[in-house]
Amino acid sequence: MPARDYIRERFFPHMWCPGCGHGIVLNALLRAVEALGLDKKNFVMVSGIGCSARISGYVDFHSMHTLHGRALAFATGIKISKPELNVIVPMGDGDAMAIGGNHFIHAARRNIEMTAIVMNNRIYGMTGGQFSPLSGYGTMGTTAPYGNIDHGFNTVDLASSAGATFVARTTTYHARELADFIGQAISHPGFSVLEVLSQCPTQFGRRNKAGDAPEMLESYRTGTARIDSKKKRENPDLIERGIFVQKELPEYCREYERIISKARGE
Amino acid sequence: MSDAVKFIQGNVVCAEAAVYAGVGMFAGYPITPSTEIAEHMSVRLPQVGGKFLQMEDEISSLCAVIGASLTGHKTMTATSGPGFSLMQEALGYAVMTEIPCVIVDVMRGGPSTGLPTHVGQGDVMQARYGTHGDHAIIAVTASNHADIFRMTVEAFNFAETYRTPVILLLDEVIGHLREKIRIPEPGEIPLVGRLRTAVEHGVDYHPYLPREDGRLPMSDFGDVHRYNVTGLYHDMWGFPTEKPEVVYGLIRHLVDKIDHNSEKMTRFRKYHTKDAETLFISYGAAARSALHLVENRRKRGERIGLLELNTLWPFPADIVREACRDMNFVLVVEMNMGQITREVKLAVEDPRKVYLANRVDGELITPMDIQNIVRLIQGRGV
Ligand SMILES: Cc1ncc(C[n+]2csc(CCOP(=O)(O)OP(=O)(O)O)c2C)c(N)n1
Ligand code: SF4
Ligand SMILES: [Mg+2]
């Protein structure tokens, strides 16, 4: 099925600003699903609230646009009831790490099979540029007019220690890698987390002198390196890209099938 | 005792009734005095092939319940005041997206952590208005085990019929009270199943287009129809819209589908009301004391009756007005500062005849407490 068949044309034009990274994530996602050759009728996308969360309206899947931060909880109810569905949960950095932080670590701990894509633009885009838990120390936001004194989370570390069995990071500059990682995350039989650095030129770029979309994308190229690469060894401060965790542990829905057998004395 | 007769707690009755109603999924977070419902569900659901989840909090519990309902299952959560407060945003989401589910609130003394192990009925207004924005809501209650069973099943039936979350308000006393109950036979209480669309694969399905009777057939998530669900104002496809006429149509639909059918959801019991000159109105554990007093005073020839409400929202104003018409006075017996009393005053022709008998110290209101108020009203002193 060509990627075009996975979108709802009725929903376009999309609401994202010109140059927004979220559209690149949508593109990569469609290509990943296309490459996997999976039927769209088995895909559910559950999102919270934010510019990132609007992605669920554009795909021709079963789509649920829920509450800010709570998408993983809704998704958990869907998945446990119909484990045969592929569940994808695109999230903003505020959505996933601030208001939804608790659901994020608990979904990871349960190892319930679904894919959380954290579209990290280091800002609350939708509400107009307030700092987020991933903005980082010293950044500027409408609620950090003198510079941010909050320290950021490291999504990869947090997801890994919370128990996610697949954890990866890439950026919107690395479009092919992005599609590849999304595909691997969807195929992973457990809770998978993919952090995508996704530029918000409108709210983050402008305020933090990061330039417009091309410059921000360029900074993803120069500012990141593959895990264990020569580039990373020569420049340890670079943000790492790659797959950090990929392991198999008992998956929650399959574990629950075991509970049912036990309860029925089978 | 036959197999079907059990001596169990009210909370366990509620859980058994949910299984009877066909619940397929429960998610919750422990809180006194509701915890036994979750515990019993964790035993029973896997036995019937259903799913039990203990979530990380009440917010996620209700969210998971809503998600599971969308895949085609009857779903439920149970909590008490503090947890019910946390659920309010998701409750509004279920109202807006028209996803059926049942929320049990076993009330304790509040506000805040309040009195975790003592009784209260202070969440009546929270059930009505707790979530933000205009909306209609269904909330039911019970005072004895047979009615806990019946009203739990009714809660599921209402949820499916009107595609809406339904709140079951129990309280600490009846939740923990042990008494005998005969579990109804299968088929004895009618069950309303999920109304699924007859629209076939390949034909346009409109998830938010009401039929002529106002009901909206659903399509299970993961089934042949793919559609969008959102808490934003949406059109008949489930796509977000800000068009004033569509917004207005939706809010009217959400309110009217319940308010215009309120008599179909009205459940109540009348005790000794035919020749009564004085009427008690009560619900939940308070109604047990009110009934006790009515039966005692009847033996002395006093013409006194009880209207016990099982449906609190939508408030059965017509029934209440009619029942109060020729009374000398009306005494609302409840364990809060007068939440239903206010509704009764609004409903009746002469609100000056309506009094409150309450107790808000965590103790069950007694027949003696009520009798003392009656004497005060009659100018007889206590
Ligand atoms: C309970 C609640 N609190 C606050 C908001 C307001 N709100 C909407 S989106 C958002 C932040 C979005 O930021 P992020 O999750 O990073 O997504 P982005 O827009 O940057 O993609 C906030 C605070 C809300 N919708 N609900
Ligand atoms: S505000 Fe930022 S995140 Fe939102 S659409 Fe615009 S560029 Fe994208
Ligand atoms: Mg953001």
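FYI, side chains are in, hydrogens and waters are out, and symmetry mates aren't considered; it's all heavy atoms of this structure. We name chains A, B, ... by the order of the sequence lines, and we start the count at 1 in each one. Predicted, not measured: the structure shown is a model, and the values here were computed from it.
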Closest-packed option against chain B by number of heavy-atom pairs under 4.5 Å, given A:Leu72, A:Thr66, A:Thr76 |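 Ranked by heavy-atom pairs under 4.5 Å with chain B, first place is A:Thr66.
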Give the member of A:His62, A:His65, A:Arg110, A:Glu257 that has the highest number of heavy-atom pairs under 4.5 Å with chain B.
->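 Ranked by heavy-atom pairs under 4.5 Å with chain B, first place is A:His62.
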What class does the angle between the rings of B:Tyr208 and B:His234 fall in, given that below 30° is parallel, 30 to 60° is tilted and above 60° is perpendicular?
->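 If you compare the ring of B:Tyr208 with that of B:His234, the planes turn out tilted.
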Would you call B:Glu16-B:Lys6 a salt bridge at under 4.0 Å N-O?
->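 No salt bridge links B:Glu16 with B:Lys6.
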Name the atoms and distances for all side-chain donor-acceptor pairs under 3.5 Å in residues 95-109 of chain A, with sequence neighbours left out.
| residue | atom | partner | partner atom | Å |
| --- | --- | --- | --- | --- |
| A:Asp95 | OD1 | A:His68 | ND1 | 3.0 |
| A:Asp95 | OD1 | A:Gly69 | N | 2.6 |
| A:Asn102 | OD1 | A:His106 | NE2 | 3.2 |
| A:His103 | ND1 | B:Glu56 | OE2 | 2.9 |
| A:His103 | NE2 | A:Arg70 | NH1 | 2.9 |
| A:His106 | ND1 | A:Arg109 | NE | 3.0 |
| A:His106 | ND1 | A:Arg109 | NH2 | 2.9 |

Sorted by number, residues from residues 26-51 of chain A in contact with chain B (heavy atoms, under 4.5 Å) |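 Only A:Lys40, A:Lys41, A:Val44 of residues 26-51 of chain A have a heavy atom under 4.5 Å from chain B.
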Neighbourhood of chain B inside residues 2-18 of chain A, taking heavy atoms under 4.5 Å as contact =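 Hits under 4.5 Å: A:Arg8, A:Arg10, A:Phe11.
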Could you tell me which of [options] has the largest number of non-hydrogen atom pairs under 4.5 Å with chain A?
| options | value |
| --- | --- |
| B:Met96, B:Lys51, B:Met25, B:Arg44 | B:Lys51 |
| B:Leu232, B:Thr230, B:Asp220 | B:Thr230 |
| B:Gly222, B:Gly50, B:Pro240 | B:Gly222 |

In terms of heavy-atom proximity below 4.5 Å to chain B, should A:Arg54 be classed as side chain, backbone, both, or neither?
->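 A:Arg54 touches chain B through side-chain heavy atoms alone.
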Against chain B, label A:Phe61 side chain, backbone, both or neither, depending on which of its atoms sit under 4.5 Å from a heavy atom there.
->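 For A:Phe61, the backbone is the part near chain B, not the side chain.
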Name every donor-acceptor pair, under 3.5 Å, that has one atom in a side chain of residues 200-207 of chain B and the other anywhere in the protein, sequence neighbours excluded.
| residue | atom | partner | partner atom | Å |
| --- | --- | --- | --- | --- |
| B:Tyr205 | OH | B:Pro217 | O | 2.9 |
| B:Tyr205 | OH | B:Ser219 | N | 3.1 |
| B:His206 | NE2 | B:Trp237 | NE1 | 3.3 |

